[in-house]
Each structure stands twice: as structure tokens, then as C-alpha cells.
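What you see is a predicted model; the values in this text were computed from it and never measured. Reminder, nothing fancy here: chain letters follow the sequence lines and each chain counts from 1. Side chains are part of it too, since the values below use all heavy atoms of this structure and drop only hydrogens, waters and symmetry mates.
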There are 2 protein chains.
Amino acid sequence: MAKDTLSIQSSKRDTAQRQLLLGLLREAEGHLDADELYQQARHKQPSLSLSTVYRSLKLFKELGLVEEHQFDGTRRHYETKPETRHHHLVCLGCGRITEFKCPTTERLKARIGREKGFEVTEAEVYLTGYCPDCRQRLLEGRADAERKQEIVERR
Amino acid sequence: MAKDTLSIQSSKRDTAQRQLLLGLLREAEGHLDADELYQQARHKQPSLSLSTVYRSLKLFKELGLVEEHQFDGTRRHYETKPETRHHHLVCLGCGRITEFKCPTTERLKARIGREKGFEVTEAEVYLTGYCPDCRQRLLEGRADAERKQEIVERR
DNA sequence: ATTTCTGCAAAGGATTTGCAAATTC
DNA sequence: GAATTTGCAAATCCTTTGCAGAAAT
């Protein structure tokens, strides 16, 4: 990671841990949670601790380098700040996350801000449903309790 | 609560605790979290336990009587199923939640479902920003660290 | 009488924090 | 050398769960 990436706020230091973590987040195709990131990072630096992961994620968030998402009620997921704004569609069957764009959201921010007197800083659209595969399974009647359990556990 | 409210699924029993909790949720103007609901309910029935609150909320959710929201990363909030679909705008300063309508969201569900091959079941739009009061405080320069802390703690 | 619910206390899981040692600037 | 960061372990916070007794059908 370029040193300047972390020095937006003066006193942030460029450590091996932060380099590693930010690098992994950038390479990651999907959205990682803290523990997934931790496991990946341990391969490269086994001494790294989970607290450091959490502390780094907090820092990256504050520096605007990553975004935090709450797809389910349990853990939070992270992705590096995307170039183009997008939103998320989560499959209730398998947990797969699909991204999509929604240009009208910008207009919505402006409109609601005006109507409610808020300064709107962020707008997120969050869709849930069933992905093509899970729909197929449902149709085939294989999505009974057991089958579905399998899928959910695989998340 | 009318008995039939709970008997959508055969085996659900009509207990004093469930009546009380659902009643409070219906009266509540805003969105309660589990502990707020618990505290309110204890006034009327001091022996009630927090586990019962959680178990009841889970049931109400399954019966489609209440909706669960995740406004921040910490706790979940609940509201009785609203007549008209609406979304939420959360103030980052004071936590105040403002509701708004967005009819175009239905169209979005259909469009994304078609484009991605998903069966989209739900769509939520979630905005964050600063409410009129907090904007005012920011302008007055009173929203410095201390002041902001005050507000956040009052949530 | 049978099944479902409750309260209690304990367990769980994700995230945060205090502190001394290690690292960066 | 001074200030920041790390790893570890313990602590927190919200939520869930096991179980025996209480309540509903």
C-alpha cells in the first residue's frame, strides 16, 4: 500500500498488518467479514490478531477506504470503496451477493433531503430474494427443510 | 390482541405476554429495540423476561406482524407491519428516524429481478444524513466532539 | 393430559478494550 | 525517544438456548 494511502490523517502509521489487510480487501472479489479477512491474512502473517483486523477495518472505514455493510443481522461485511456506486441483492437461499446499479438513487437522495430538511449523506438500496439456482431448487421441490439447511450452512 | 392474530399458524398460543408485547409495539410511535420494548413491558408485567421478548419478536416476525430493521451495526429495531410501504432515513447525529415513501422501489424490484434472474422478495432503501436540528448545531459550531457525544449517548 | 410457553441462568458469537511489549516515525 | 500500534486476554453487548415449572388448549 502506498504510504500516502494511510496518511490522509497525519498520525496514521504504515504497518505491515495494515498493508496486508488492505491488500487482501482489494484483491477480494466479494465482500469479506472480519473473520474471513483474518483467516486469509493469517496465511501470510500467522501472528496477526483478530483485534488488529477489527481495528484496521475501523481505521479504513474512517479514512474512507472501505465500506461496511450489514447484510444479515449477525456480522458486518467489508469491501473496498467501489469506483462506481452500486447496491446489493442478497439471496435468502444461499447468501450469494449480487451487485447492481441504480442511478435514480442520487435523485432520491436530493429529493428526500429537500422534503425532509435533511442533509443526506448516503443512500443504500438493499434487495433480498432468491437467485436463479435457488429458485430452480425451489421449483424442483428439493428446497425442503433439509436441502435448505445444507445451503444455509454453506454460507 | 384478537386471538386470531396469533392463530395464523395453528399451534401458536394466546398468552398475556404476547398480547402485551404486540400491543406495545402497535402503540409505539417509533421503532423499538428489544430492550426498549422489554423496559416498557416490565411496567405492566414485572415478571416478564427479556428472553420472552426476543422469542415473541421472532414469532411476530414469522407471522408477518412486525418488521425487523437494522439501522446501525449494533441492535435490531422492530415496528408493526405498516399499512403503506415506507423506508428509513437515519440521522447520524441524534439517531432520529424519519420515514419516507418511494413508489419507484416497486419498479426497481421488478427491473432488477428481471435483469439478474432473481425472484426479489423485499426492497429496502436506507438513507443516512443529518436532520434539521443537527445541521443547525453543526452550523453553530456546537457540534464539536463533546456536544456530539452528548447527542449520541442520548440515543 | 398434552403441547406450548415462560423465566432463569448460562451459553454464544461478534466486536471492543486495557495493558505491556513491539514498532514506526 | 515519543507516539502509535500490536497481540493477548478479558470484557461487552446483543441474542439465543436448555431446562424445569407454569400456562394454554
**OP:** For B:G73 and for B:P46, locate the closest nucleotide of DNA chain C by heavy-atom distance; then report the residue assigned to the nucleotide nearer the 5' terminus.
**Re:** B:P46
Subject >> Nucleotide C:dT17, atom P - distance to CG of A:L50 in whole Å >> reply: 14 Å
Original post:
Under a 4.5 Å side-chain heavy-atom rule over Ile, Leu, Val, Met, Phe, Trp and Tyr, are A:L63 and A:L24 clustered together?
Top reply: yes
Original post:
Roughly, in whole Å, what's the span from CG in A:L21 to C1' in D:dG7?
Top reply: 14 Å
Original post:
Is there a donor-acceptor contact under 3.5 Å linking the side chains of A:E140 and A:Q136?
Top reply: yes
Original post:
Over its full length, what angle do the end axes of the helix from C:dA1-D:dT25 to C:dC25-D:dG1 make, each axis taken from five pairs and the result rounded to 10 degrees?
Top reply: 30°
Subject >> Below 4.0 Å: OP1/OP2 of D:dA24 and any side-chain N or O of B:Q19 >> reply: no
Original post:
Taking atom P of D:dC14 as reference, at what distance in whole Å does atom CG of B:L32 sit?
Top reply: 15 Å
Original post:
Base, sugar-phosphate, or nothing: which does B:Q70 touch, judged by heavy atoms less than 4.0 Å apart?
Top reply: nothing
Original post:
Is B:R111 salt-bridged to B:E106, going by a charged N under 4.0 Å from an acidic O?
Top reply: no
Original post:
Roughly how many Å is it from OH in A:Y54 to P in D:dG7, rounded to a whole number?
Top reply: 15 Å
Original post:
How would you label the contact of A:R55 with the nucleic acid (heavy atoms, under 4.0 Å): base, sugar-phosphate, or nothing?
Top reply: base
**OP:** Could you state the atom-to-atom distance from CZ of A:R75 to C1' of C:dT16 in whole Å?
**Re:** 19 Å
Original post:
Hey, does the side chain of B:S47 come within less than 4.0 Å of C:dG7's phosphate (OP1/OP2), counting only N and O?
Top reply: yes
Original post:
When you check the gap from the basic side-chain N to the acidic O, do B:E67 and B:R85 get nearer than 4.0 Å?
Top reply: yes
So which protein nitrogen or oxygen atoms get under 3.5 Å of nucleotides 1-5 of chain D's nitrogens or oxygens?
residue, atom, partner, partner atom, Å
D:dA3, N3, A:R13, NH1, 2.6
D:dA3, N3, A:R13, NH2, 3.3
D:dT4, O4', A:R13, NH1, 3.0
D:dT4, O3', A:S11, O, 3.4
D:dT5, OP1, A:R13, N, 3.1
D:dT5, OP1, A:R18, NH1, 2.8
D:dT5, OP1, A:R18, NH2, 3.2
D:dT5, O5', A:R18, NH2, 3.2

Subject >> side chain to side chain donor-acceptor pair (under 3.5 Å) contacts in which one or both residues fall within residues 86-100 of chain A, not counting sequence neighbours >> reply: A:H31-A:H88, A:H31-A:E99, A:E79-A:H86, A:E79-A:H88, A:H86-A:H88, A:H86-A:E99, A:R96-A:D133
Subject >> Cluster link A:V90 to B:V125, ILVMFWY, side chain under 4.5 Å >> reply: no
Original post:
So if you build clusters from Ile, Leu, Val, Met, Phe, Trp, Tyr with side-chain heavy-atom gaps below 4.5 Å, do B:F100 and B:L108 land together?
Top reply: yes
Original post:
Quick one: on DNA chain C, does A:K58 or A:A16 contact a more 5' nucleotide (nearest heavy atom)?
Top reply: A:K58
Original post:
In whole angstrom, what separates A:L20's CG from C:dT23's C1'?
Top reply: 16 Å
**OP:** Applying side chain to side chain donor-acceptor pair (under 3.5 Å), run through A:E68 and A:Y78 and close with a yes or a no.
**Re:** CA-CA 5 Å; A:E68 185 182 61; A:Y78 301 85; 3.0 Å; yes
Subject >> Atom pair distance, as rounded to whole Å: CG in A:D33 and C1' in C:dT15 >> reply: 12 Å
Original post:
Between atom CG in A:L57 and atom P in D:dT6, what is the gap in whole Å?
Top reply: 12 Å
Original post:
Shared ILVMFWY cluster between A:L59 and A:L25, side chains joined below 4.5 angstrom?
Top reply: yes
Original post:
Could you go step by step and tell me if B:L21 and B:F60 meet the side-chain contact (heavy atoms from CB on, under 4.5 Å) rule?
Top reply: CA-CA 10 Å; B:L21 293 169; B:F60 298 158; 4.1 Å; yes
Original post:
Where the side chain of A:S51 is defined as all heavy atoms beyond and including C-beta, which of D:dT17, D:dC8, C:dT15 is the nearest nucleotide?
Top reply: D:dC8
